[in-house]
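Worksheet: the structure to be examined is printed underneath.
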Amino acid sequence: MKFFSCIFLLVSILCIAQLHANPPHDEKLTLYKKRWDRLMPNQSKLQFAGSMGMFSGGPGWSYGKRDQWETDLYLGFIPEIDEIEGHMTTTLKQTYTPFRFRLNEFISVEPVTTGIYITKIFGEYFWSKLPERYPKNYYFWAVNTRFNIFVGQSFVFKMGTKTLGKELSFFYEFNTNDLYLISAFGNKTIGLKDIVGLSFGIRYRVF
Amino acid sequence: MKTIYWRQVGIAQFLLLVLLLASCNLIEYHPYDLNSKNQPSNLNETYISRIEALSDEKDTIRFVFMGDTQRYYDETSDFVNSVNKRSDIDFVIHGGDITDFGMSKEYLWIHDIMKNLKVPYVALIGNHDVLGHGKEVYNKIYGDFNFSFKFRKTRFICLNTNALEFDYSTPVPDFDYMAGFLNDTASIDRTVVVMHSPPFDDQFNNNSGSMFNYLLEHYNNLLFCLHAHRHELSVNDYYKNGILYYGCDDISGRNYLLFTLVGNSYSYRVVNF
């Protein structure tokens, strides 16, 4: 607690010092606005499947000179299937899109999108830390956390000036996770087709 | 024309997507999720009925005991080829730890290999198989955690002994189930007990060990017990009462136990492949 109080005090002092710094009022406001704008999510995504739930969605940020970087937060769910209980999931996803082609005024294609995501699943049998009942190092991995990699493509539609928003994209991705990769490693029997999953999604970029 | 070229690419990609969707094992909500389509169910029951149908008045039983296939897919595949070369085996018992992480796909990968066996096989649940939703997946694919079958006047009792995984919230081992065989009325001359974790292991509920042993001592002519889990070949008389517990190696050791039962005597050997 003491540590946090110190940090808080330090941040407060810095803020006050900023307020008393020189730039004229207008300039200062613009600067603040710019900073806040950067913190505001500027896109949202909805995704189907992909080892992160049946449907997951949430806000995200695109940044970089050509918006080539995206960071997205997802909240997802797995419904009850065959009497197996449903679960909530969260995902933190990082996407990199090296380039995009413009087909015409309205449509562009992002031929390669790639990145990583971490998924957590919540539930009684999904622990992150080995429960106390086990001897030390009984299992080496966290059952509730999966690290995924993906590669995909996306089709971007520019939205009209009268509509709210900048563009709407449809994407699909092939993904796999750490445990599948470990399983396939050193086994001829398990191939790429065994460990890869497919997902679909929509990206709505507001500004 | 550039635009047309891209349009063709677009159509080709759309068709590709349709194809992918049609082969839809690719859609996965979560690795620990149960994909209810295209998956086998009640395998133990199916194979047990095949085993029991083979039962006749012959005096000799020859079966293979192996376990811990976990991530050793290539070795499991070699195991299947090795067993298939023989013609003297009645069935195979998988001693548990079918999977390493308890994920649905792992169950299916192993069954895809094991189903190539010419003889029926049954599989017990191991501690790794319980992880996440693994126990539900086992339940769907293989069936009950405790099961038994009868072959040529011999009762094989397969027990879930992974107490640690169930956090002592369900009875493991299940004494009610075990007690059901005390007065086995079917024409049984011998009993063999199979489990994943042996007594005195971390995984076994050792608080119940003496009761477990008591029940076993009262089974009709118990020949021996089998277990996997320890990843090494072993023979132990855990309770110093003459009941021998044979442990098999994991499949990466490239060997399995071959048991031959003739009347009330038996022999075993380690077969390398």
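For the numbers below, each heavy atom of this structure counts, side chains included, while hydrogens, waters and symmetry mates do not. In the text below, chain A, chain B and the rest are named by the order of the sequence lines, each starting its count at 1. Values in this document were obtained by computation on a predicted structure and should not be read as measured data.
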Most heavy-atom pairs under 4.5 angstrom with chain B, which of [options]?
options                       : result
A:H87, A:E124, A:K193         : A:H87
A:Y180, A:F126, A:F185        : A:Y180
A:L179, A:I78, A:N144         : A:L179
A:N177, A:T89, A:I121, A:I107 : A:I121

Review point. So which of B:Q203, B:E75, B:Q70 has the biggest tally of heavy-atom pairs under 4.5 Å with chain A?
Key: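 Most pairs with chain A among the choices: B:Q203.
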So, [X] versus [Y], ring centres under 6.0 angstrom or not?
X      : Y      : result
B:H133 : B:H30  : no
B:F79  : B:Y256 : yes
A:F106 : A:F157 : no
A:W141 : A:Y139 : yes
B:Y239 : B:F200 : yes

What part of [X] lies closer than 4.5 angstrom to a heavy atom of chain A: side chain, backbone, both or neither?
X      : answer
B:Y32  : side chain
B:E165 : both
B:N139 : neither
B:D112 : neither

Examine whether an atom of [X] lies under 4.5 Å from a heavy atom of chain B, and if so say whether it belongs to the side chain, the backbone or both; otherwise answer neither.
X      : answer
A:E85  : both
A:F170 : neither
A:F55  : neither
A:Y138 : side chain
A:R146 : side chain

Identify all side-chain donor-acceptor contacts of residues 195-203 of chain A below 3.5 Å with residues at least two apart in sequence or on another chain.
unit_1	atom_1	unit_2	atom_2	d
A:S199	OG	A:Q47	NE2	3.0
A:R203	NE	A:S169	OG	3.4
A:R203	NH1	A:E70	OE1	3.2
A:R203	NH1	A:E70	OE2	3.1
A:R203	NH2	A:E110	OE2	3.4
A:R203	NH2	A:E167	OE2	3.4
A:R203	NH2	A:S169	OG	3.1

Practice item. Over 60° means perpendicular and under 30° means parallel, so classify the ring planes of B:Y138 and B:F145, tilted if in between. Key: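 If you compare the ring of B:F145 with that of B:Y138, the planes turn out tilted.
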Review point. Using non-hydrogen atoms and a limit below 4.5 Å, what part of residues 91-103 of chain B faces chain A?
Key: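 Heavy-atom contacts from residues 91-103 of chain B to chain A are B:D100, B:F101, B:M103.
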Give a yes/no verdict on a cation-pi contact between [X] and [Y], requiring under 6.0 Å between NZ or CZ and the six-membered ring centre and an angle within 45° of the axis.
X      : Y      : value
B:K115 : B:Y121 : no
A:K188 : B:Y73  : no
A:K45  : A:F171 : yes

**Study point:** For B:R254, the option from B:D78, B:N272, B:D249 that meets side-chain hydrogen bond (donor to acceptor under 3.5 Å, both in side chains)
**Key:**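 Only one of B:D78, B:N272, B:D249 forms a side-chain hydrogen bond (donor to acceptor under 3.5 Å, both in side chains) with B:R254, namely B:D78.
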Check your understanding: So does B:K105 pair up with A:D194, basic N to acidic O under 4.0 Å?
Key ->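 Result for this pair is no, no salt bridge flagged.
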Review point. Would a 4.5 Å heavy-atom cut-off, applied to side chains only, mark B:Y29 and A:M52 as touching?
Key: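 With C-beta onward as the side chain, the pair stays apart.
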